[in-house]
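Remarks on the structure that follows.
In the text below, chain A, chain B and the rest are named by the order of the sequence lines, each starting its count at 1. When reading the values below, keep in mind they use all heavy atoms of this one structure, side chains included, and skip hydrogens, waters and symmetry mates.
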Number of protein chains: 2
Amino acid sequence: MPEAPRRVTITDVARTAGVSLSTVSRVMNGNATVDPVLAERVRGVAAELGYSASPLARSLVLGRTSTVAVVIPDLANPTFQGILRGLSRAAAADGFHVLIADSAEQVDEERVLAVETRRRTDGVILCAPRMAQDELAVLLPSLSPVVVVNRAPQAGVPVVNADYRTALRGLAEHLYDLGHRRIVFLAGVARSASNAARLAAIADARAAHSDLTVIELPSGVDFNSGAAAADAVIKTGATAVLAFNDLVAMGLMSTLAGRGVRVPEHVSVAGFDDIPFAAYTSPPLTTAAVPAADLGAQAWAAMHALLTGQTPSPIVTTNPEVVVRGSTAAAAS
Amino acid sequence: MPEAPRRVTITDVARTAGVSLSTVSRVMNGNATVDPVLAERVRGVAAELGYSASPLARSLVLGRTSTVAVVIPDLANPTFQGILRGLSRAAAADGFHVLIADSAEQVDEERVLAVETRRRTDGVILCAPRMAQDELAVLLPSLSPVVVVNRAPQAGVPVVNADYRTALRGLAEHLYDLGHRRIVFLAGVARSASNAARLAAIADARAAHSDLTVIELPSGVDFNSGAAAADAVIKTGATAVLAFNDLVAMGLMSTLAGRGVRVPEHVSVAGFDDIPFAAYTSPPLTTAAVPAADLGAQAWAAMHALLTGQTPSPIVTTNPEVVVRGSTAAAAS
DNA sequence: CTGTTAGCGCCTTCAC
DNA sequence: GTGAAGGCGCTAACAG
C-alpha cells in the first residue's frame, strides 16, 4: 500500500495560520464575527493546505450526517431505479448524499437494512411494498425521520405514492370502451400493497359494469411471471389482459408471440408503470405512466422538510395517466 | 417534531452493568478475553437496552466507515444500473454500505463528487467513461483506494472492464459472415473510452476484410440518438448497422419501422450490452452481452482486496459474448 | 482480566 | 473578536 499522506486537519491550519482551532472553525463555517483580515488569512492557509473539515468528525459532533438512506426491494426493477434516480438527484441538489440498500426482495432483510442504515444517516426513505402493515407500523417509529413510498397512508409518517387503483381502473375502462368484456388480470405478489390497490380497482370495474368478467390469474412482477402465465391466459379465452406491470406484460407478449397469438389482433395487453422500454416493445405497450423519478423527488422533498423542521404534507399522491399505444385495440367480434 | 429519545450509549450500558466502558467495548467487539460471566451480563444489558455502537463514533476512531462510494455518470443507463446492482449486493455480502453519486453526465461534476464522497467513505469505485485520461490520472491518486470501471489500464489502480474491442469485432464478423459488406457504425460520445475501443474494433475489421466498407456516423448513447440517426443510416445504403449500444439500436429500429424499413429484411441491426430488454424488442436484438452486474461484483472484489491489504489483480477483463437474435440476418442480395 | 487515560477531528459554550 | 476547555461516542494502549 502506498504511504497515505495523513489528512490535513483543522489543527494544521490553525498552527500554520497562527490562530486557535476555534477561529479556524468559525471561519470555515462562516459562523461568528471574525476579523476580516484574520479570516482571509485563515481561508488562504486552508486553501493552500487543501483543508476541508472531516465529514465524520462533523457528523459526530453535529449529530447529522447530510446523508439519507434509501431502502428498496430490487435494484433491477425499473420503477425503483426511477425512484432512486429522482431521489438521488433531488437530494444531491440539496447537498445531501444517498446511501443505498437493496434488500434483494428479502422482506425480512428490509427491516434490518432500514434500522442499520438509519444509524449512519439522518433518515430513511423506505420502499417496502411487501412488508406487512403491522410490521411496518412497529418499524416506522424507530426509523424517524422516515418517508414511505407507495404504501397506504401511515400514522405520523409522510407517504408518497401513486394512485394505482384509479389508474388501473382507467386502464380497465379503456379496455371496456374497446368492447372487451372478458378480461384477465395478472396479479402480482399477493401480500403487496400495490397489488391490493389493483384488486380494488378490479372490484370497482366489476361493480361498474355488470357485463364485464374479470378473471384473476396469479402471476408475479417480472418478465418470467408474465411469460409463464401465457398459456393460462390463452385458456381463459379472454380478449384482453391487464398485466400487473410492464415487465409482466412484456413477458406475456413475448410468449404469446411464440404461441402464434397476435397482439392486439387476438388479444389486447396493457401493462403498468410505463417503464422506459414500454414505448419500444412491439407493439408498443399501452400502460399507465407512473412518474417514478418524480415520486423519488417528492419523497426527497418530504424528507428534506422533515430534516429542516418543517411539516411535509402527510401524503402526496400522483395520478398515473393512461397511455394508449399499440398493444390494445377493439375486441374482435 | 416528536421528542427523540436519546440514543442509548456505551456509557449507559457500562453504568447499568456496573463495569467500565472498555469492558463493554471489548465485549461488543469480541475483542480481548473477558470473563465469560461478566461478558454475558454485559451482553444481557446491551440487549435489554437495545444498545449498538454508534457507527459514526466508531468510524471516527477506527478510521474506517465500512462504506464505499460509487460514482456513475447516469443512473438511467441500464449498464450502470447493472454495475451498481452487482456492486451493491457484493458489498452488502461483505458487510459494507454503498454511497451512490450520480453525476448526471456532468463530466466536471464527477471529479468533485468523487473527491467529496471519498471523504465519507473508505474508497471509491469510479465509472467515468468520458473523463479525459490526463485528468483521470491526476484525480486517481487523491482517491486511493480506488477502482476504475470500464477504462484502459491505469498505473497503480485496479481496473475492471469489458473487452469492447474484441466483442464489437465479433459482432462485425457476424455481420460479415452474413454477407454484409457495407456497414454503418453508429458512434457514441467522441471522447469516451469505450467509444475509442469500439473504433479500434472497426479498424480491426477493416484491416481484416478489404472488401468491407464501414461508415462511421456520429450518434450518441441513448434512444434519441439512435432514432435521430435513422435517416442518415438509410441514406448510406448500408445493409447493416452496428449501434453504439442497445439503446441506440432500439431507437434506430423504432424510427426505421416508422420509415417502413424492415429489420432484418432490409437492414440488419446489432446493439451492444445486452440490457435486460434487448431480448424483448421486435425483432429481438442481436448484441454483445456485457455482464454488468458481474462487472460491479468484480469491482467490489477489487475494492475489498484493497481494503483488506491484499493486492487485487491490476486488471480484470471480461469478454462480452455475441448473442445472435432476430435483428440480424443474411444481407439481401 | 479489568479499569483509567488518551485521543479520533471537530464544534461550541464559556471566559477573556 | 479570540482562545481554552469540554465533549460528541467510541476504541486502544497503558497500567494494575
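- Among the protein residues, B:S22 comes within range of the nucleic acid bases, having at least one heavy atom under 4.0 Å from a base atom.
- The CG-C1' distance, from A:L62 to C:dG9, rounds to 11 Å in whole Å.
- No more than 12 heavy atoms of other residues, nucleotides or ligands shown are found within 6.0 angstrom of CZ on A:R111.
- Across all strands, A:V61 comes closer than 4.0 Å to base atoms (heavy-atom distances).
- Distance CZ (A:R26) to C1' (D:dG1): 8 Å, rounded to an integer number of Å.
- A donor-acceptor pair under 3.5 Å is absent between the side-chain atoms of B:R130 and the main chain of B:S192, judged by distance alone.
- Atom pair B:I10:CD1 and D:dA12:C1' shows a separation of 12 Å (rounding to whole Å applied).
- A:S25 comes within 4.0 angstrom of a nucleotide base, judged by non-hydrogen atoms across all strands.
- Picking from D:dG1, C:dC10, D:dC10 the nucleotide with the shortest atom distance to the side chain of A:D35 gives D:dG1.
- Looking at heavy-atom distances under 4.0 Å, A:L21 makes no contact with the nucleic acid at all.
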- Task: Take A:S52 and B:R119, measure what side chain to side chain contact (heavy atoms under 4.5 Å, CB included) needs, and give me the verdict at the end.
- Result: CA-CA 10 Å; A:S52 77; B:R119 298 220 56 203; 2.4 Å; yes
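- As a whole-Å value, the separation of B:N29 CG from D:dC10 C1' is 9 Å.
- Rounded to an integer number of Å, the gap from B:R120 CZ to C:dC10 P is 13 Å.
- In this structure, A:T9 reaches the sugar-phosphate backbone alone: every heavy-atom distance under 4.0 Å involves primed, P, OP1 or OP2 atoms, never a base.
- As a whole-Å value, the separation of B:R64 CZ from C:dC8 P is 17 Å.
- A:L56 comes within 4.0 angstrom of no nucleic acid atom, judged by non-hydrogen atoms across all strands.
- Contact annotation: B:S54 does not reach the phosphate of D:dC10 (side-chain N/O to OP1 or OP2, under 4.0 Å).
- Taking atom CG of A:D12 as the reference point, atom P of C:dC10 lies 9 Å away to the nearest angstrom.
- Residue B:L60 is in base contact, counting any heavy-atom pair closer than 4.0 Å across all strands shown.
- Phosphate contact (OP1/OP2 of D:dT2, side-chain N/O of A:T23, threshold under 4.0 Å): absent.
- Residues B:L99 and B:R120 are in side-chain contact: their nearest non-hydrogen atoms beyond the backbone lie under 4.5 Å apart.
- Atom CD of B:Q133 sits in a crowded spot, with more than 12 heavy atoms from other residues, nucleotides or ligands closer than 6.0 Å.
- When the C1' atom of C:dG9 is taken as reference, atom CZ of B:R119 falls 10 Å away, rounded to whole Å.
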